[in-house]
Amino acid sequence: MMALFRLVLLLFLSSCTAVLADFLFDINAVSVYSCSENSTISTPQMSANIDSLVAHLASSASRTRFSAATYGKGTDQVYGLGQCRRDVNIKDCARCLRNATLSIRTFCQNRADVWMWYNDTCFLRFDDNKFF
């Protein structure tokens, strides 16, 4: 009976370890993201502002590991934040934010309120409402 229990426990722990290892070490994994259904990109100008904003965030945060910015005017204005963990080197920070930018625009098409914690390394958020 005890041998059967140990075998079942061993099988369970090995399957958990394999899943956890895949999650932790897959460098292409997107950890978490959110696309608000309540906020859509309403104009082509807002979309262009988001593109400019995330490019600025990736560039600026890659030097200091943190950036907050605003682009546009009126109803097309967007707010953004980009940041990396403190232990991430500058080059990896820039790469992470560029990849997060591409991923978030793919996953959250036509959404103006989104955030992503990418690859457990960097965080990117933009919104059409001021959040900082």
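Counting from 1, the numbers follow the sequence of the chain as shown. No experiment lies behind these values; they were computed from the predicted model shown. Side chains included, hydrogens not; waters and symmetry mates left out as well; all remaining heavy atoms used.
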- request: Could you walk me through whether F66 and L81 pass side-chain contact (heavy atoms from CB on, under 4.5 Å), step by step?
  value: CA-CA 8 Å; F66 177 84; L81 171 79; 3.1 Å; yes
message: Does Y33 form a side-chain contact (heavy atoms from CB on, under 4.5 Å) with I104? I'd like the steps, not just the answer.
response: CA-CA 8 Å; Y33 69 94; I104 200 71; 4.1 Å; yes
- request: Verify side-chain contact (heavy atoms from CB on, under 4.5 Å) between N99 and N119, making sure each step is shown before the conclusion.
  value: CA-CA 9 Å; N99 291 340; N119 196 20; over 6 Å; no
- request: May I have the step-by-step check of disulfide bond (SG atoms under 2.5 Å apart) for C96 and C84, ending in yes or no?
  value: CA-CA 8 Å; C96 182; C84 294; 5.5 Å; no
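Ring geometry, Y79 versus F132: the interplanar angle exceeds 60°, so the pair is classed perpendicular (tilted spans 30 to 60°).
Under a 3.5 Å cut-off, the side chain of T101 and the backbone N or O of L97 do form a donor-acceptor pair. Using a distance-only test at 3.5 Å, with no hydrogens or angles considered, a donor-acceptor pair links the side chain of N49 to the main chain of D76. Side-chain N or O atoms of R85 include one that pairs as donor or acceptor with a backbone N or O of D120 at under 3.5 Å. For the pair D127 (side chain) and N129 (backbone), a donor-acceptor distance under 3.5 Å is present. No donor-acceptor pair closer than 3.5 Å links the side chain of T40 to the backbone N or O of S42. Under a 3.5 Å cut-off, the side chain of T106 and the backbone N or O of L102 do form a donor-acceptor pair.
Between the CZ atom of R125 and the CD atom of Q83 there is a distance of 11.5 Å, given to the nearest 0.5 Å. With values rounded to the nearest 0.5 angstrom, L124 atom CG is found 8.0 Å from L53 atom CG. L57 CG to F123 CZ: the interatomic distance, rounded to the nearest 0.5 Å, is 11.0 Å. To the nearest 0.5 Å, atoms CZ (R111) and CG (N38) are separated by 8.5 Å. Between the CG atom in D113 and the OG atom in S36 there is a gap of 4.5 Å [rounded to 0.5 Å].
At a cut-off of 3.5 Å, with distance as the only test, a side-chain donor of R105 or S47 sits close to an acceptor on the other residue.
Note on F107 and V114: same hydrophobic cluster, where clusters join Ile, Leu, Val, Met, Phe, Trp and Tyr whose side-chain heavy atoms are under 4.5 Å apart, directly or indirectly. Transitive grouping of hydrophobic side chains (ILVMFWY, heavy atoms separated by less than 4.5 Å) brings F131 and V32 into a common cluster.
For a disulfide, the SG atoms of both cysteines must be under 2.5 angstrom apart; this fails for C122 and C93.
Shortest non-hydrogen contact noted between A69 and H56 is CB-CD2, 3.5 Å. Nearest approach of D92 to V88, heavy atoms of both residues: CB-CG1, 3.7 Å.
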